[in-house]
Amino acid sequence: MDVLGTLFSNMGESTVPGMFGVGGILVYFVVIVGAALFRIKEIYQEEEHH
């Protein structure tokens, strides 16, 4: 979590392309976590039906 804190603190001092880069990293992180949670939910539902 220190990495995310560093990203946010340095984002204010960054250039516009740098902000888009940090934004892209955050979007990628959210997508990965969302996909993992969705897959876990699917597996849990499959096991309930068996």
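Positions are given from 1, in the same order as the sequence printed here.
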(message) Counting C-beta onward and ignoring hydrogens, is there a side-chain heavy-atom pair between Met19 and Thr15 closer than 4.5 Å?
(response) no
(message) Please identify which of these residues, Glu47, Glu48, Glu42, meets the side-chain contact (heavy atoms from CB on, under 4.5 Å) condition with Tyr44.
(response) Glu48
(message) Working to the nearest 0.5 angstrom, can you tell me the gap between Gln45 CD and Ile43 CD1?
(response) 11.0 Å
(message) Just to verify, which of Val30, Ile25, Ile32 counts as forming a side-chain contact (heavy atoms from CB on, under 4.5 Å) with Tyr28?
(response) Ile32
